[in-house]
Amino acid sequence: MKKMDEYQIYEKHYGQIHEQVKNDPYAQSLGIQLTKFEAGTAEAALEVQSHMVNAYDEQN
């Protein structure tokens with residue numbers, strides 16, 4: 001079996017992986033939005049809300 005690197009996987013399965021990550025129920029429940037998705041890298045954005053801070057009202 002031929003081994004695929006992350007760029008080959010990205011090219012072959014981009015749509016499937018992107019949809020799965022973008023539509024992840026847990027990430028959606030936290031308000032996480034996928035902002036960049038490329039071979040070897042991904043970025044997401046999250047607005048910290050009051051229920052996400054610790055007991056000292058600090059964002060960690």
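We count residues from 1, following the sequence as given. Everything numeric here is computed off the predicted structure, so don't read it as measured data.
Atom CD in Gln16 sits 11.5 Å away from atom CD1 in Ile9 (nearest 0.5 Å).
Note: the hydrophobic cluster containing Tyr14 does not contain Tyr7 (ILVMFWY, side chain heavy atoms under 4.5 Å, direct or indirect links).
Listed by first and then second residue, the side-chain hydrogen bond (donor to acceptor under 3.5 Å, both in side chains) pairs involving residues 17-27 are Glu19-Lys22, Glu19-Asn23 (not counting sequence neighbours).
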May I have the list of side-chain donor-acceptor pairs in residues 33-47 shorter than 3.5 Å, sequence neighbours left out?
from  : atom 1 : to    : atom 2 : distance (Å)
Thr35 : OG1    : Glu43 : O      : 3.2

